[in-house]
**Q** 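Handing you this structure, nothing more for now.
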Protein chains: 2
Amino acid sequence: MSPARRRVIPEATIARLPVYHRCLLQMQSEGRSKTSSEQLAEMAGVNAAKVRKDLSYFGSYGTRGVGYGVDHLLVEIRRELGLTHDWPCLIVGAGNLGSALAKFAGFSDRGFSVVAVVDIDPGRVGEQVGDLVIEHEERLAELVEEHGVVIGIITTPPAAAQDAADTLARAGVRSILNFAPTVLDLPVDVLVRDVDVAVELQILAFHEERRAAAAAAVEAAAAAAAAEQRRAANPATAS
Amino acid sequence: MSPARRRVIPEATIARLPVYHRCLLQMQSEGRSKTSSEQLAEMAGVNAAKVRKDLSYFGSYGTRGVGYGVDHLLVEIRRELGLTHDWPCLIVGAGNLGSALAKFAGFSDRGFSVVAVVDIDPGRVGEQVGDLVIEHEERLAELVEEHGVVIGIITTPPAAAQDAADTLARAGVRSILNFAPTVLDLPVDVLVRDVDVAVELQILAFHEERRAAAAAAVEAAAAAAAAEQRRAANPATAS
DNA sequence: CAGCGCTTGTTCACAAGTTCACAAAGTCGC
DNA sequence: GCGACTTTGTGAACTTGTGAACAAGCGCTG
Ligand SMILES: NC(=O)c1ccc[n+]([C@@H]2O[C@H](COP(=O)([O-])OP(=O)(O)OC[C@H]3O[C@@H](n4cnc5c(N)ncnc54)[C@H](O)[C@@H]3O)[C@@H](O)[C@H]2O)c1
Ligand SMILES: NC(=O)c1ccc[n+]([C@@H]2O[C@H](COP(=O)([O-])OP(=O)(O)OC[C@H]3O[C@@H](n4cnc5c(N)ncnc54)[C@H](O)[C@@H]3O)[C@@H](O)[C@H]2O)c1
């Protein structure tokens with residue numbers, strides 16, 4: 001049917017594209033015009049074969065024997081990621097985290113702009129946060145419509161997160177970034193990504209714990225070995 | 001050697017344990033004393049078989065025909081995750097995000113406490129943030145030693161992140177949570193986890209972009225089908 | 001105390017993702 | 001223009017993770 005049959009792109013590849021994108025941007029700012037899978041891999045902290053395979057899902061953008069053109073590759077990745085146009089985002093919950101995100105300028109470079117922040121607390125409504133004024137949560141659907149919001153960002157307490165998600169979904173938002181530590185229950189056509197800092201800390205803690213356990217085991221083994229040595233040296237104490 | 005030979009735990013399982021932990025806490029607060037893999041799976045948003053397999057890596061904590069004891073399972077998971085003792089954390093970079101994290105109370109429930117915040121900006125040093133006072137970045141090693149810091153949290157601008165990471169590593173910190181959009185280069189025994197909000201947004205954008213493309217393709221196909229139908233109805237225009 | 005129903009723990013087949021290895025395809029020097 | 005060299009793009013082996021299926025084990029009931 002379609003002449004350019006696009007293969008299905010592995011989720012893992014998609015997650016790496018933004019990293020490549022960032023690396024290429026840095027190369028560009030350093031004035032490099034060409035690069036290789038090797039260099040890009042080094043910079044992105046992955047395997048060179050993986051870089052090539054990842055890029056090959058989208059087409060042949062490199063030149064054999066030479067490498068990849070930084071500008072060209074950037075354009076292709078930007079197009080794949082949809083960074084050629086702007087993505088209006090709306091933040092639900094103007095607390096600590098919501099405010100920090102709203103004030104943060106670093107997303108606009110990549111085409112993401114926070115167009116509105118809502119909160120349910122009447123005391124906060126009207127407050128200035130960055131360039132925006134906090135709106136009441138009731139106006140959410142209106143604001144989504146008005147600004148053509150595509151991505152909703154949830155930074156409410158966990159107990160309110162499901163409500164926030166439902167409201168967003170009802171307003172037509174089909175991509176949600178959720179910072180609340182809750183599993184959201186939503187229609188299958190709404191895509192949710194969770195960012196849970198506590199989970200990340202717990203993963204680190206798990207590995208630290210294991211490290212400590214392993215160290216203890218080594219110590220115990222050493223102690224056992226020492227005991228064994230003593231036993232061997234003094235057979236009289238053996239059972 | 002060791003009587004209870006521990007199998008190697010899949011990384012994917014480790015990442016789910018904190019979610020189970022959270023669900024069990026909620027069950028406990030609701031007064032439930034027993035549960036099943038089915039219920040837990042439902043709550044955690046995963047497959048029941050996966051829950052059972054994940055839990056079985058650590059031992060047989062359930063009772064066949066009955067299910068799992070909420071309290072018992074919680075204790076076991078807490079032990080596995082090392083949540084039985086406190087994890088002192090230090091934040092590097094007291095900006096928007098660093099301050100939000102420092103003020104956030106939600107980690108202490110799970111045994112993580114922010115014991116210090118450092119910044120390189122002399123203007124910020126001495127400022128109060130939550131219960132803490134911002135210290136100068138030069139005191140980092142001292143503070144790590146003093147509080148027995150195990151986990152370092154980097155919330156500096158990307159350009160300063162590698163420096164921050166090096167300083168942490170030199171101070172003996174071997175677990176780092178990095179919020180800066182940079183690939184950190186560190187000794188292999190230092191464990192790094194990256195939290196990159198921009199990457200999450202870009203992944204969402206990718207799928208939205210695909211959705212739009214798919215919709216366009218369907219439309220195009222419909223148009224083509226319509227054209228085909230017209231052609232068939234009026235063979236005179238065929239080549 | 002034996003049979004029955006329920007839920008775990010485990011096995012197995014398969015799906016997803018990674019890494020290797022190498023042919024294909026280009027450049028560059030001569 | 002040709003041959004040596006470089007780097008891509010990809011098929012295939014391999015590793016890791018998932019989901020379905022089921023035997024084993026437990027409690028309840030009659
Ligand atoms: N602050 C952090 O550093 C941090 C870190 C990790 C995770 N989180 C998570 O992010 C979320 C927010 O954290 P925070 O520290 O900003 O909390 P916060 O209490 O400072 O802010 C929450 C805000 O949400 C508002 N809100 C409550 N219900 C709402 C609703 N239904 N609709 C709209 N707004 C509503 C509240 O009025 C409040 O302003 C929490 O779920 C927390 O677990 C925060
Ligand atoms: N703010 C957000 O919502 C947000 C969201 C996603 C990612 N991030 C990332 O988190 C990081 C911090 O963001 P932010 O908005 O808090 O920035 P910010 O500019 O508000 O804060 C950065 C702080 O780091 C300090 N700093 C700089 N160099 C340092 C060093 N070598 N040692 C110690 N401190 C140093 C600065 O003085 C400043 O106070 C950035 O890398 C950003 O990309 C932020």
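Throughout, a chain's letter reflects where its sequence line sits, starting with A, and its residues are numbered from 1. Just the heavy atoms: all of them, side chains too, but no hydrogens, waters or symmetry mates, feed the values below.
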**Q** List, with names and distances, any nitrogen or oxygen atoms from the protein found under 3.5 Å away from nitrogen or oxygen atoms belonging to nucleotides 22-26 of chain D.
**A**
| residue | atom | partner | partner atom | Å |
| --- | --- | --- | --- | --- |
| dA24(D) | N3 | Arg64(B) | NH1 | 2.8 |
| dG25(D) | N2 | Gly65(B) | N | 3.3 |
| dC26(D) | O4' | Arg64(B) | O | 3.4 |

**Q** Rounded off to whole Å, could you give me the CG-to-P distance for the Leu55(B) and dT8(C) pair?
**A**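 In whole Å, dT8(C) P lies 9 Å from Leu55(B) CG.
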**Q** Please work out which of the three classes, parallel, tilted or perpendicular, describes the rings of Tyr61(B) and His72(B), given edges at 30° and 60°.
**A**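 The arrangement is perpendicular - the two ring planes meet at more than 60°.
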**Q** Looking only at heavy atoms, what is the nearest atom pair of Arg78(B) and Asp109(B), with distance?
**A**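 The answer is NH2-O, 4.3 Å.
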**Q** Heavy-atom count check: over 12 atoms from other residues, nucleotides or ligands less than 6.0 Å from Glu42(B) CD?
**A**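 No - once you tally the heavy atoms of other residues, nucleotides and ligands closer than 6.0 Å, there are 12 at most.
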**Q** Go through residues 25-39 of chain A and report each residue with a non-hydrogen atom lying under 4.0 Å from DNA chain D, sorted by number.
**A**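 Ser36(A), Ser37(A) - these, ordered by number, are the residues of the stretch whose heavy atoms sit under 4.0 Å from the strand.
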**Q** Please determine if a side-chain N or O atom of Tyr68(A) lies less than 4.0 Å away from the OP1 or OP2 oxygen of dG9(D).
**A**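 Yes.
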**Q** Parallel, tilted or perpendicular for His85(A) and Trp87(A), by the 30°/60° rule?
**A**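 Tilted.
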**Q** I need the minimum non-hydrogen distance between Ala165(B) and Leu184(B), along with the two atoms involved.
**A**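 Scanning both residues, the minimum pair turns out to be CB-CD1, 3.9 Å.
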**Q** So which protein N/O to nucleotides 14-18 of chain C N/O distances come out below 3.5 Å?
**A**
| residue | atom | partner | partner atom | Å |
| --- | --- | --- | --- | --- |
| dT18(C) | OP1 | Arg16(A) | NH1 | 3.1 |
| dT18(C) | OP2 | Arg16(A) | NH1 | 3.4 |
| dT18(C) | OP2 | Arg16(A) | NH2 | 3.0 |

**Q** If only atom types and distance count, is the side chain of Thr155(B) paired as donor or acceptor with the main-chain N or O of Val92(B) below 3.5 Å?
**A**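 Answer holds: yes.
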**Q** So which pairs with a foot in residues 45-61 of chain B pass salt bridge (Lys or Arg N to Asp or Glu O under 4.0 Å), sequence neighbours left out?
**A**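 Matches after skipping sequence neighbours: Arg16(B)-Asp54(B).
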**Q** Show every salt bridge (Lys or Arg N to Asp or Glu O under 4.0 Å) that has at least one partner inside residues 173-189 of chain B, sequence neighbours left out.
**A**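 Counting only pairs at least two positions apart or across chains, no salt bridge (Lys or Arg N to Asp or Glu O under 4.0 Å) contact touches residues 173-189 of chain B.
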**Q** I need the single residue from Val115(A), Val173(A), Ile153(A) that forms a side-chain contact (heavy atoms from CB on, under 4.5 Å) with Cys89(A). Which is it?
**A**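 Answer after filtering Val115(A), Val173(A), Ile153(A): Ile153(A).
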**Q** What residues, two or more places apart in sequence or in another chain, satisfy side-chain hydrogen bond (donor to acceptor under 3.5 Å, both in side chains) together with Asp196(A)?
**A**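 Arg22(B).
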